[in-house]
Amino acid sequence: MKYKALVAKYLAETLNLDAQMVEGNLETPPQEDMGDFALPCFRMAKELRKAPQKIAEDFANQLTELPEYISDIKNAGAYVNVFLNRALYCQDFVGEALAIGEQFAHTGIGEGKTILVEYSSPNIAKPFHVGHAFSTIIGDVLAKMYQHQGYNVVRLNHLGDYGTQFGKLIVAYELWGDEEKLTSDPIGELLRIYVRFHKEAELRPELDLEARARFKALEEGGANEYRLWQRFRDLSLKEFESVYKRLGVHFDSYNGESFYSDKIPAVVKELEEKGLLETSEGARVVKLDELDLPPCIVLKSDGSTIYATRDLAAAAYRYETYNFDKCIYVVGLPQNLHFKQVFAVLAKAGHNWAKNLVHVGFGLVKFPGDRKFSTRSGDVIYLEDLLNEAVSKTREIIVANNNGREVPMSEEEINETAEAIGLGAVRYTFIRSGRERDIVFEWEDILDFEGDSAPYMQYAFARAHSILRRSGVTPEEAMQLSPAGLGSDSEFALCREMAQLNIALQQATDNNEPSILARQVMTVCRAFSRFYNQMPILQADNIQQREARLALCAAFVSVLQTTLGILGIRTVERM
Ligand code: ARG
């Protein structure tokens with residue numbers, strides 16, 4: 001759909017203006033009666049030595065011979081308003097959408113480029129809580145958006161599988177661990193002993209010393225420590241993977257913090273050689289005063305490494321391994337300073353690629369009453385429990401509606417539908433607003449089938465699908481339907497909103513902001529509902545209209561399938 005470019009070309013040629021300048025200035029007016037594109041003339045006043053209103057008026061008078069795709073041109077104030085030939089526009093759009101199918105909004109802009117998306121990255125032996133869902137879902141959608149644009153996407157999970165807390169866990173497990181519980185509910189058991197460790201260490205500080213010693217032993221390859229650590233890691237990962245599977249999320253690599261520990265000496269050596277390391281209170285640090293950042297600690301005074309050191313090593317390893325064009329870190333906003341420091345150290349070390357590291361931050365997940373999460377107190381909400389609750393609440397709604405159905409759903413269909421809708425509802429909650437904003441989880445909102453929710457969109461899809469089913473047109477036939485004769489307000493609006501998805505995907509990718517795409521998909525669904533409510537489809541006045549509206553439904557189904565797919569929201573044929 002190159003209408004903007006076409007309009008710009010026509011205006012430029014007829015008015016003797018620069019086509020690029022015109023295209024850059026063309027606006028989409030806020031109101032329908034102002035046309036479909038508007039050229040503001042304020043900026044040309046100086047050069048043309050005329051009042052903007054006069055310029056617009058003169059322009060409009062020159063634009064008399066209209067090309068086929070423009071139906072009218074009007075002057076209003078300092079604007080030239082362009083009205084498209086709606087029938088032609090709709091016909092073009094629907095025809096193209098049906099022909100390209102899942103290639104819709106595929107620009108190929110990323111062809112030949114590699115992008116690394118690091119996301120989820122939970123900590124071993126800690127619950128996978130709703131905060132991790134934020135990173136997991138945003139990261140998954142970003143990866144899918146980039147993939148749809150043709151990028152080679154590598155999905156990384158930087159597991160938190162290293163650090164002094166493993167010393168604590170080893171001590172705690174030897175003191176209070178329950179073998180049986182560790183097998184049946186690994187993270188629950190690890191959490192229980194971790195919480196206990198913190199309580200007891202308040203009274204017996206020697207426990208902390210012991211933990212530190214055991215972590216040091218782990219770092220030095222102690223067999224006992226290593227065996228326990230490996231076990232905690234394997235069991236935790238298994239639990240994480242079952243959540244990933246359910247969410248439809250996967251990773252190409254689970255190289256976590258521990259993976260980089262033997263790559264650290266090389267990093268330290270490099271920084272040393274480049275003269276960047278300084279001693280400060282016994283620690284080895286890189287000063288970042290010139291950037292107004294606190295120094296980045298590389299080695300603690302006892303010579304051990306920290307979180308940041310492992311990130312330095314990880315970034316270098318990733319660059320060597322993947323030669324990326326961009327590496328994105330989907331991690332909560334509180335870690336913004338950490339990433340600034342890490343990226344700055346790498347830049348200071350002369351790595352040109354450091355400018356292609358991007359921290360994509362996000363806000364907090366809150367529940368009404370302003371409760372936050374903290375692992376230490378043991379007061380967390382597991383993502384799994386949240387998903388189960390969403391699915392069971394959805395199931396109740398579906399079951400309640402089931403009796404009124406012509407053909408009731410089988411038990412199996414009910415379960416599958418509830419899973420798709422419940423998970424979609426949770427997923428959309430994480431992407432519907434700008435990612436830096438905090439989210440408040442309210443069930444009434446999330447599962448409001450008429451509100452700003454995934455079920456609303458899934459319902460629009462199911463309705464369109466049902467019309468096609470009832471029309472007796474097969475999916476193959478639907479592809480061949482003629483879209484000629486569309487063009488009413490609601491039909492045109494639906495086509496225009498669908499065409500905007502292209503731009504939304506582009507902007508969403510440029511800003512690493514899935515909400516831009518999510519919002520536009522929602523707008524498309526609202527436009528569909530308006531069309532559906534205003535235009536008789538199966539009962540259309542004549543056969544040509546019926547066919548064209550069915551074609552529009554088919555285009556909507558196809559476009560929605562593709563774009564909800566990018567958002568990771570599953571579709572159902574009825575609900
Ligand atoms: N494991 C960390 C956490 O849960 C997140 C890791 C983020 N990624 C990174 N490269 N530092 O807080």
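Counting convention: from 1, in listed order, for ligands and their atoms alike.
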No-hydrogen, no-angle side-chain donor-acceptor test under 3.5 Å, [X] and [Y]:
X      : Y      : value
Asn512 : Tyr146 : yes
Thr562 : Glu102 : no
Glu270 : His351 : yes

Within 6.0 Å of CD in Glu180, more than 12 heavy atoms from elsewhere: no
Tyr260 contact mode with ligand 1 (heavy-atom cut-off under 4.0 Å): neither
Which residue and non-hydrogen atom of the protein lie closest to [atom], and at what distance in Å?
atom                    : answer
atom 1 (N) of ligand 1  : Asn123 OD1, 2.7 Å
atom 12 (O) of ligand 1 : Gln335 NE2, 3.2 Å
atom 7 (C) of ligand 1  : Tyr307 OH, 3.3 Å
atom 8 (N) of ligand 1  : Glu118 OE2, 2.8 Å

I'd like to check whether [X] has a polar contact with ligand 1, where a contact means an N/O of the residue lying under 3.5 Å from an N/O of the ligand.
X      : value
Glu257 : no
Tyr329 : no
Arg318 : no

Whether Lys126 lies under 4.0 Å from ligand 1, heavy atom: no
Residue that, paired with Leu505, satisfies side chain to side chain contact (heavy atoms under 4.5 Å, CB included) out of Leu517, Asp510, Ile516, Thr107: Leu517
Closest to atom 2 (C) of ligand 1 (judged by heavy-atom distance), picking from Ser121, Gly332, Ser120: Ser121
Residue pair Asp325, Tyr151: steps toward the side chain to side chain donor-acceptor pair (under 3.5 Å) verdict: CA-CA 10 Å; Asp325 293 279; Tyr151 289 88; over 6 Å; no
Proximal atoms of ligand 1 relative to Asp311 (non-hydrogen, under 4.0 Å): 9 (C), 10 (N), 11 (N)
Check against ring-ring contact (aromatic ring centres under 6.0 Å, His included), Tyr456 and Phe449: CA-CA 5 Å; Tyr456 177 87; Phe449 283 32; 9.8 Å; no
